[in-house]
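Some notes on the structure that comes next.
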Amino acid sequence: MESGFHADSKTVSGAIAKLQESLRVDEAVQSSGANNNVVILHESQIPEGEISDLLQTFTEAHPSRFFVISQDDSVSDFQAHVTAICHEIGNDQKVCSEVIRAKVPGSGLLKLSSMLRANFVSGRPTEFFLYDDYAALRMFPYLSQSADLIFIDSSHFKGGLKTVRAITDKPIKVIDLQWARLTSWRDSIRSLFDKSAVNSLVPKLSEIRIKYERTPGGEIATAALLLGGWMVHQLGLKIMMYSGNSLYVRGSDGRVVSVVFEECFGAHRDGLELVELKFAHNLSPSEEQFVRFRTTEKALFTESSAVSGVICRQLEDESDAALIKRFYLIGESIANFGAALRVALYVIDANRDL
Amino acid sequence: MNNPFREGENRLLRPPATALVIFGATGDLTHRKLVPALYNLCHDGYLPTGFVVMGAARSKLSDAEFRTKLKESCQKHSRREIDPEIWARFSENIYYQSLDGAKTDDFVALKNRLEALCKDRGEVYNYLYYLAMSPEFFSSIAKNLKASGLVEDPHGGQRATNIIVEKPFGHDLESAKVLNSELTKSFSESQIYRIDHYLGKETVQNILVFRFANGIFEPLWNQKYIDSIEIAVCEHIGVGNRAGYFDQSGITRDIVQNHVLQMLSLLCIEPPISLSDANSIRDEKVKVLRSIRRFTPEEASQNSVRAQYVRGFIDGQDVGSYREEPGVSPNSTTETYVAMRLEVDNWRWKGVPIYIRAGKRLPKRITEITIKFKKAPDSLFRGRQVEELEANSLSIQVQPTEGMSLRINSKPPGPRMRVNPVDMDFTYNTSFGVASSDAYERLLLDSMKGDSTLFTRNDEIEEAWDLLAPFFAAWQGNSLVPMNEYQAGTWGPKAASLLLKPFGQRWRRL
């Protein structure tokens, strides 16, 4: 335990007040950005550049009072630094976000929460960004009572969706950027099944094959699990069992569908190479149909035996920063994330048991 | 059979693949407003991933030449700086087709080109036609679109085809009916999107949110608590290069018939069944317009003032009179200023006067709506140093700054009981930390999504013309309402103040 450590809220409050004073002097500044609270938690090993990049986009998309907290056992005392990040919004005006960066040793986390609560903008929502497993599992529990919304990127987590499970068992809204990254896939799938010639094939579905880039630990890629989970849920398929590399699900008509997770080599956007649906139930080989979605670095291609032509959809920047910006500007459909996650976790648990 | 992949998912946030064809693409509107708006939509990630802009006009230009010209315009007129990477991505979807609006063959060539482009991209694109030109060409373009097969959907219901038209929607009721009849020969009403760009402004859209998302104001929003409503649309500029059009129209047709009456109808509507259904809102707007009292020409003359500016000073600069403007007839009797008093004869608004003023070459550019509440009884303050209680008011600032201000009475610090008015302000920039988008950005996006909520319906336009007809009749030939004068740089003629005086009112100081 570090003696002499106190998370000094008065010092931080004083520094914020001074910063606001200096911002008020600048006529171009329209706002101190004190409209929301955002807490970014990360392990100290995360490169500073990554956090700075994230802050640049976050402050632009969502001006707020930011608290960037890293856990660092080498510090013996509370260290906080208060600055502003400003962005031009046109007409010679700018909006500034207050940024309070603090390092705390692990033993100081409990005290830290009091500093944060004393300096949150009153009455405003508080959003958290949990950058890594340590932030999610070790730091966040001390602060979870303050959270109205949590951002994560499950592709950052060494524990993958298991770490997500630990967070989502609390009744707080969770935005997984990995889920947001699947929007292009989900949009493409939705659009293709808007066509009646394709939609009419649904009762014949016999197999879903998801090819994903091999992961270092050999587990099934998070993106593959979430997308597979979403498709199973949307199609109303009930889980039967997991065996080999396949999840077996059953339709309301008793038909069995296999969801095959197949690893491949080579780099692809989002770690997914291909999603293919085969429609063979009660059909002869010559009658079988398919739909196929595959990516290159820049585009997602959609094709189907039921309709002519290949649809090419440009893929956009899907870095954390771009996704956060898109979330605040356009929004993100998380309506079925929980259901997709449940299916994905079933596969993870089943895989562990094998 | 329902698409299972849409079950439980949020509404489409982005439009489907769209080919936007802009007729009049070499004109001012395209360069100043439309393409900068599209660029900013692209910048913010709102455009569909399948998107084509096809400029169409008489001039002979290549795609590259057109893109170069548009880049120069965007650099001048976009609300943000042009990012080279984003521009590169955006402009590769821009094309140009030389076209004579009167020649059907040219439209067939356009059709073939669009189909080839969309086939290359492998998707069925919605077609959206923007008529960025004078209304005299609407009829021939609509006819040729139909004749060349660019209106029907050859894909069995997968392609939506819509048309956007700009104001003016006619010159009066008769011409508005003729214009609409020409358009509806080729397009159904649901395919026609009539733009009033004021409806794309954040603060105008905020009128509905303000009224129906806040429980505290709706109980006050009626004749029991509101004393009067004032709408001011003031410009400090003259007619510029619009003299040809403006001198035939005047400020009433240019601003009041559309922008002012649209804002008025949103202020006064009953809660619609749903804010997600375009026709629910528009039905309520039409009811308001129908409820506005129809004057005889004689009554219209007593409830209006019109004027034309003469020499004066604006921002310390000498400015000439309206009749000295290039393109304006030296004998022009076109009004550059109008003030009116209207009344909405329904349960909610009976007895609440609506004061409207609009003018050019006024001291500053400002558009503001003010709701003046009835005064509190002042009996509690008798015997104290309180002169007169000021009425509470709510101001909705539409431009140049967007926001709201609520004026309340408060006690200033000190030992004496005094009452001073103070303002509780909200501005968009401060509260949301982002600059408001241009109105055209929202309107273009909505039209691509097929959401017509922010576009005017034909019956709204006809009702607006109908209620203004007695004013035009009263003004004709100077018979009942003389043309007043006002010095450029002042707030209008003296007669405008006299319009309110009999009711114990005065214009709000802007």
Side-chain angles (χ1 to χ4, degrees), chain A residues 30-33 35 59-64 87-91 93 95-97 184 186-196 198-200 202-203 230-231 233-236 300-303 308-317 322 325-326 328-336 339, chain B residues 1-17 40-51 78-81 85-86 89-90 92-93 118-125 155-158 400-403 426-438 441 445:
Chain A
Q30 289 304 301
S31 165
S32 67
N35 297 321
T59 51
E60 186 185 4
H62 191 52
S64 302
H87 294 277
E88 303 275 342
I89 57 168
N91 298 324
Q93 294 174 337
V95 170
C96 300
S97 293
S184 304
R186 287 185 285 119
D187 269 352
S188 295
I189 294 169
R190 277 191 287 253
S191 296
L192 187 64
F193 280 83
D194 277 339
K195 298 179 194 304
S196 50
V198 177
N199 201 21
S200 61
V202 169
W230 177 71
M231 295 177 75
H233 174 257
Q234 293 302 117
L235 289 166
L300 194 156
F301 295 89
T302 302
E303 58 181 318
S308 63
V310 175
I311 299 168
C312 168
R313 194 174 288 241
Q314 260 181 323
L315 292 173
E316 296 155 306
D317 179 3
K325 193 172 175 182
R326 207 183 303 158
Y328 283 114
L329 283 179
I330 300 176
E332 177 59 53
S333 175
I334 59 164
N336 294 311
Chain B
M1 193 170 140
N2 285 341
N3 179 350
F5 292 106
R6 292 213 180 269
E7 288 297 311
E9 297 275 296
N10 290 348
R11 246 181 99 185
L12 249 183
L13 298 160
R14 268 177 165 162
N40 281 300
L41 286 173
C42 179
H43 184 287
D44 291 335
Y46 285 116
L47 286 185
T49 44
F51 185 68
S78 166
R79 62 180 169 92
R80 50 158 73 94
E81 266 188 50
E85 261 187 56
I86 296 176
R89 193 164 29 100
F90 170 64
E92 70 190 14
N93 296 303
C118 298
K119 192 176 173 192
D120 270 347
R121 289 147 187 259
E123 273 194 89
V124 175
Y125 275 52
H155 297 274
Q158 289 184 62
T401 48
E402 292 176 286
F426 141 68
T427 62
Y428 267 79
N429 284 353
T430 309
S431 294
F432 299 113
V434 288
S436 292
S437 55
D438 183 83
E441 291 173 39
L445 193 63

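Letters A, B, ... are given to chains in the order of the sequence lines, protein chains preceding strands, and every chain is numbered from 1. Atoms considered below: every heavy atom in the structure, side chains included; atoms not considered: hydrogens, waters and symmetry mates. In this text, all values refer to a predicted model and were calculated from it rather than measured experimentally.
If you tally non-hydrogen atom pairs under 4.5 Å between each of A:Val198, A:Asn199, A:Thr302 and chain B, the highest count goes to A:Asn199.
Heavy atoms of A:Ser184 lying under 4.5 Å from chain B are absent altogether.
With hydrogens and angles ignored, the 3.5 Å screen pairs a side-chain donor or acceptor of A:Gln234 with a backbone N or O of B:Pro4.
The environment of CD in B:Glu85 is sparse: at most 12 heavy-atom neighbours from other residues, nucleotides or ligands sit within 6.0 Å.
To the nearest 0.5 Å, atoms CZ (B:Phe5) and CG (A:Asn336) are separated by 11.5 Å.
Residue A:Asp194 comes nearest to B:Asn3 through the heavy atom pair OD1-ND2, 2.9 Å, listed as atom of the first residue, atom of the second, then distance.
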